[in-house]
Number of protein chains: 2
Amino acid sequence: MKKQKHKTDIVSVANLAGVSAATVSRALNHPDLVQPATRKKIDQAIRKSGYIRNRAAQTIHGRRSGTIGLVVPTVAYAIFAELVQAFNDAVSERGFTLLLASHGYDLDTEYGLVRKLLEHRVDALALIGLDHSADTYRVLREQNVPTLAIWNFDAASPVSCVGVNNAEIGNIAADHLIMLGHRRIGTIFPSTGENDRARSRKSAAFERFRAAQADLDEIWQIQTPYSIAQAKDACLDLLARQDRPTALLCGNDVIAQGAIYAALKLGLSVPKDISIIGIGDFAGSAELEPALTTVRIPARRIGAIAAEHLAAAVDRTEEDFLVRTRFEAELIMRATTAVARAK
Amino acid sequence: MKKQKHKTDIVSVANLAGVSAATVSRALNHPDLVQPATRKKIDQAIRKSGYIRNRAAQTIHGRRSGTIGLVVPTVAYAIFAELVQAFNDAVSERGFTLLLASHGYDLDTEYGLVRKLLEHRVDALALIGLDHSADTYRVLREQNVPTLAIWNFDAASPVSCVGVNNAEIGNIAADHLIMLGHRRIGTIFPSTGENDRARSRKSAAFERFRAAQADLDEIWQIQTPYSIAQAKDACLDLLARQDRPTALLCGNDVIAQGAIYAALKLGLSVPKDISIIGIGDFAGSAELEPALTTVRIPARRIGAIAAEHLAAAVDRTEEDFLVRTRFEAELIMRATTAVARAK
DNA sequence: AATAGTTATGCAAATGTTTTCATTAATTTT
DNA sequence: AAAATTAATGAAAACATTTGCATAACTATT
């Protein structure tokens, strides 16, 4: 018995129900336009034939595709996990399906992914941050699909954005360390070349540190990707030095976690021997021992609002979609920072 | 100036290039069939008009949609993050785009998501584990889309699967604790109702423990979701007891991390006062202080192979797709387990 | 009871591609 | 130079839907 090529399209359902294809279509999309009795027949026919609508056919007709694209640098670490989860939940609650793509912090790859998502005719598109290639910006403008930049807020952004002011975050973190009396500061950030979030945080913090005439010895400033293992490794070297800083500002909580482990491994007490502050307040940061002092970025709320904005933009057929929502970051003082000791 | 409704379809490109739509289509899909000169004209026309192919139109024609669906319980925690990342990388390397959906450990929700992905005519579909509703299995059979269950290996699975034998994992973890002399054992698992992975691990381990006549005091067996915070909380109660177990088997590394933090908070030494073993070997588990002893599940390799299988299955037009690949789990001895002390 | 208005349904066109078949042009063989 | 191949292109059908328009069957109004 050869598996029959399941020829279950809308017309076979229509035949089975004894109505026209148009009526079946209406029963599915505008149930109020078809008589209850007919609807019932159709429902049965659908159930019986195992019919599944073809979204592609709707899409081609100009209808919404029912998909929203999300392009992130990575999902491998905790950084975007909560965001993706919240975004996905909010988006699917509104009947959309998520098309996910990740580019590994490479903006040319990102451009390719954006194109691919546009080929699939996503109804809306979300990217992380405001650093994108000129090609990406151009194609988004041309296709005018509702687009949203998540994570970084900028009042002058070329596209809609919802997020935090990352410079502000840098300020908050730096001020906290300065306030505690630290003047010997180390920083651990990822490469800031194609990452506006990290760049803003870092340069803002540096400015503050300089204003406070802190010692920012070149050798204490290190660069490592967002990875616990690599951050720990890098910090082992840094913290084993005779002349080490009294405080460490980490590009995010993942790095901070690595830093803490490095300190513990070396038998240093956090925060007595070294203060460590993270950025993000990821899941688990509060439970760390010692609990991580960090600057909270409300990932869930950002993800949820982002999804809400985009879903709304899809319905409105209005011309240009532009919203900017700013969330406030917040210092969460826990147990990894303390007043600087005289050294 | 009203933004013209970008009428950039294949025929407008064709007109611009002075050829027929058919030729443009060929230039895109079978470049070797069209003369270099013509191809060049077409390329220019495409560039100039900002044309982006409409995947929906191809799909409707019977061509592959170029999407692969992945349904996971959650992306919020580290559990599936590496898997999703590896799967996504492998899938997009082969030209597909990932449609992601998450159901929050609810199998009815999962059914809905599977249907939605099928509406989008995914070329292939991956699910986590082998616990799925009858409806889900039925619809997958009816539509015969290549389907793969990831994470759990079962030689008798109704669909293709790649993963580890979770019972085996339970055995490995239990044997390790027994071998170290532990006979007072606590376990922390999530609800096993709709989660075959956790169920297999737990029941296999229990069997081993019973065979070794270990003390499995009811009060030491706790249930908590995969969450660092909740696991830590639950363990604080457990470990503060006068009569606590000497070893803790955790449903996965996320829970184990919570358990470690709880122990540290209570001033207990791990592993001297309490041995803790996790499952999974997630990113960061090796860097924990003390480093986590765990049973490694090769998430990256599983994700990559899963994607490879599915991509291959899409090309092959063969009737039934059925592969089963088993990966071996491996005990990774680190610093959180030690020989039981007489109590 | 005749007219107007409403409701439910069907017909057919339209959506943006791909692909089969046919046609023309270019190349090779005799 | 004619015949036979081969290569490049175009015309049109097909894919699974949705929707505007037309029609038929009711219901409400006078």
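In what follows, chains are A, B, ... by sequence order, proteins preceding strands, each numbered from 1.
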Between [atom2] of [N] and [atom1] of [X], the distance in whole Å:
| X | N | atom1 | atom2 | result |
| --- | --- | --- | --- | --- |
| B:R55 | D:dT17 | CZ | P | 19 Å |
| B:L33 | D:dG10 | CG | C1' | 14 Å |
| B:L118 | D:dA16 | CG | P | 16 Å |
| A:Q35 | D:dA24 | CD | P | 18 Å |
| B:I42 | D:dT9 | CD1 | C1' | 10 Å |

Got a donor-acceptor contact below 3.5 angstrom from the [X] side chain to the [Y] backbone?
| X | Y | answer |
| --- | --- | --- |
| A:E194 | A:L107 | yes |
| B:R94 | B:A90 | yes |
| B:N29 | B:S25 | yes |
| A:T59 | B:A56 | no |
| B:R300 | B:A86 | no |

Nucleic acid footprint by protein, nucleotides 12-22 of chain C - heavy-atom cut-off 4.0 Å, B for base, S for sugar-phosphate alone: --BBBBBBB--

What nucleic acid atoms does A:T38 come within less than 4.0 Å of, heavy atoms only: base, sugar-phosphate, or nothing?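 If one applies the 4.0 Å heavy-atom cut-off, A:T38 turns out to touch the sugar-phosphate alone, with no base involved.
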
Can we say [X] and [Y] salt-bridge, meaning some charged N sits less than 4.0 Å from an Asp/Glu carboxylate O?
| X | Y | result |
| --- | --- | --- |
| B:R138 | B:D135 | yes |
| A:D315 | A:R64 | yes |
| B:D196 | B:R199 | no |

When the C1' atoms of the five terminal pairs at each end define the local axes, what inter-axis angle does the helix from C:dA1-D:dT30 to C:dT30-D:dA1 show, to 10 degrees?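 One end axis against the other gives 30°.
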
